[in-house]
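The next block holds one structure in the form of structure tokens; read it before the comments.
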Amino acid sequence: MSRPLRLEHAGALWHVTSRGNEKRDIFRDDRDRSRFLSGLARVVEVCGWTLHAYVLMGNHYHLLVETPEPTLSRGMHRLNGFHTQKFNARHGRVGHLFQGRFKSILVEKETHLLELVRYIVLNPVRAGVARDAGAWRWSNYRATAGIALVPPFLHVAWTRSQFGTGAAALRRYREFVARGMGSRATPWEALRSQIFLGSEEFREQIQRMVGESDRSPEIPRAHRRLVRPGLDAILSAAEAEFGADRGTLLRKRRTSARLAVAYLAKRDALLGLAGFAPSLGVGVSAASTLARSAERLMELDSRFRDRISRMRSAICKMQT
């Protein structure tokens with residue numbers, strides 16, 4: 001089973017979701033929700049999180065948190081474990097409550113935080129369980145909007161500051177949320193590589209963080225290569241690494257350079273066989289043979305693995 005790449009680092013901002021196993025409820029009533037918030041408050045305190053927004057639904061919840069230290073996984077393990085224990089004890093059940101690992105999206109604060117703040121509190125409206133955000137008790141909306149007291153675990157200063165100061169800021173925030181009720185757009189339309197929301201510069205920054213540090217086969221390739229290399233960059237890296245010009249790459253059939261191009265085109269650029277076969281002067285069937293041979297060589301030849309690593313580093317420099 002693949003596992004998501006988690007780029008935990010100091011100061012990261014995350015949109016986090018966790019869902020019930022087999023889409024079953026993780027909150028059966030308000031008492032379950034109250035207990036969950038008690039656990040959330042404790043995790044926020046212990047891990048030093050800054051919680052900007054949250055909403056508790058029936059079979060899932062959303063959080064929007066900043067982590068001054070890389071504690072997301074530790075905190076989420078504690079939070080979901082605490083809730084599972086309390087839920088199972090109260091309802092006389094055993095076993096898993098949540099569906100696998102939690103899902104996390106790395107967010108660029110400057111471009112998407114405010115959009116997500118609104119998206120989260122409008123979840124009950126979109127689900128048809130509340131007429132407006134203020135009618136749902138189990139989100140941060142009422143506290144952020146000045147309708148209810150702000151709990152100690154919730155940070156509202158940043159959100160409010162985006163709308164000015166004082167009563168005018170609260171009014172503008174409420175208007176901002178209300179404007180989103182009629183919109184069908186979601187933040188996920190701008191999601192990149194399944195794990196982050198942000199600008200091109202942000203994507204490149206994250207790619208540098210990924211680097212060559214995490215090559216676990218359990219992590220989906222789309223996560224490992226947030227900025228996918230172009231075929232031209234792969235060919236340039238092969239020329240530099242193997243000292244072969246492109247004419248040589250096209251003429252000779254089974255050189256290490258050609259195998260390296262086939263390997264990176266398929267694994268890192270995520271190209272189909274038809275996408276890179278013409279650049280090697282072969283058909284789809286021959287491209288498939290080259291790719292399989294490259295996979296075997298990666299397993300057997302440490303020198304080939306070292307060359308692939310150097311090519312990846314060179315490609316990364318080209319993209320930054």
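Position 1 is the first residue of the sequence, and the numbers go up from there.
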- When rounded to the nearest 0.5 Å, the distance separating CG of L231 from CZ of F276 is 9.0 Å
- Query: What are the two closest heavy atoms between A277 and G283, and how far apart are they?
  - Reply: CB-O, 3.7 Å
- Query: Judged by atom type as modelled, is there a donor-acceptor pair below 3.5 Å linking the side chain of R118 to the main-chain atoms of V177?
  - Reply: no
- Item | Over all atoms of both residues, closest heavy-atom pair of N59 and R24 | CB-O, 3.2 Å
- Task: Look at E295 together with K266 and state whether they make a salt bridge at an N to O cut-off of under 4.0 Å.
- Result: no
- Note on the structure: Output for pair (F242 CZ, R258 CZ), nearest 0.5 Å, gives 12.5 Å
- Task: Could you grab the distance from atom CZ of R307 to atom CD of E241, nearest 0.5 Å is fine?
- Result: 5.0 Å
- Query: Checking S309 side chain against R305 main chain: does a donor-acceptor pair fall under 3.5 Å?
  - Reply: no
- Note: L154 and L51 closest approach over all heavy atoms is CD1-O, 3.3 Å
- Task: Indicate, with yes or no, if F36 and V46 share a hydrophobic cluster defined by side-chain heavy-atom contacts under 4.5 Å among Ile, Leu, Val, Met, Phe, Trp and Tyr.
- Result: no
- Expected output: side-chain Q162 to main-chain W158 donor-acceptor under 3.5 Å: yes
- Query: If you count the non-hydrogen atoms of other residues, nucleotides and ligands that lie under 6.0 Å from CG in L300, is the total more than 12?
  - Reply: yes
- Measure across G39 and F82 and return the closest heavy-atom pair with its distance rounded to 0.1 Å. CA-CE2, 3.5 Å
- Query: Are the side chains of L37 and R33 in touch, meaning some heavy atoms are under 4.5 Å apart?
  - Reply: no
- Message: Centroid separation under 6.0 Å, is that true for the rings of Y141 and Y173?
- Response: yes
- Query: Can you say whether the rings of Y61 and F98 are parallel (under 30°), tilted (30 to 60°) or perpendicular (over 60°)?
  - Reply: perpendicular
- To the nearest 0.5 Å, tell me how far R90 CZ sits from D32 CG. 4.5 Å
- Query: Closest heavy-atom contact between A238 and A257?
  - Reply: CB-O, 4.5 Å
- Query: Within the side chain of T71, is there an N or O that forms a donor-acceptor pair under 3.5 Å with the backbone of R74?
  - Reply: no
- Message: Ignoring hydrogens, what is the shortest heavy-atom contact between A145 and L170? Give both atom names and the distance.
- Response: O-CB, 3.8 Å
- CG-NE2 distance between N140 and H155, expressed to the nearest 0.5 angstrom: 12.0 Å
- Item | Matching residue for N88 among H83, H96, R93 - test: side-chain hydrogen bond (donor to acceptor under 3.5 Å, both in side chains) | R93
- Can any side-chain N or O of R78 pair as donor or acceptor with the backbone N or O of V43 at less than 3.5 Å? no
- OG1/T84 to CG/L79 distance, rounded to the nearest 0.5 angstrom? 9.0 Å
- Query: Does any donor atom in the side chain of S288 or R292 lie under 3.5 Å from an acceptor atom in the other side chain?
  - Reply: yes
- More than 12 heavy atoms from other groups under 6.0 Å of NZ on K86: no
- Is R172 salt-bridged to E175, going by a charged N under 4.0 Å from an acidic O? no
- Item | Parallel, tilted or perpendicular: ring planes of H60 versus H62, cut at 30 and 60 degrees | perpendicular
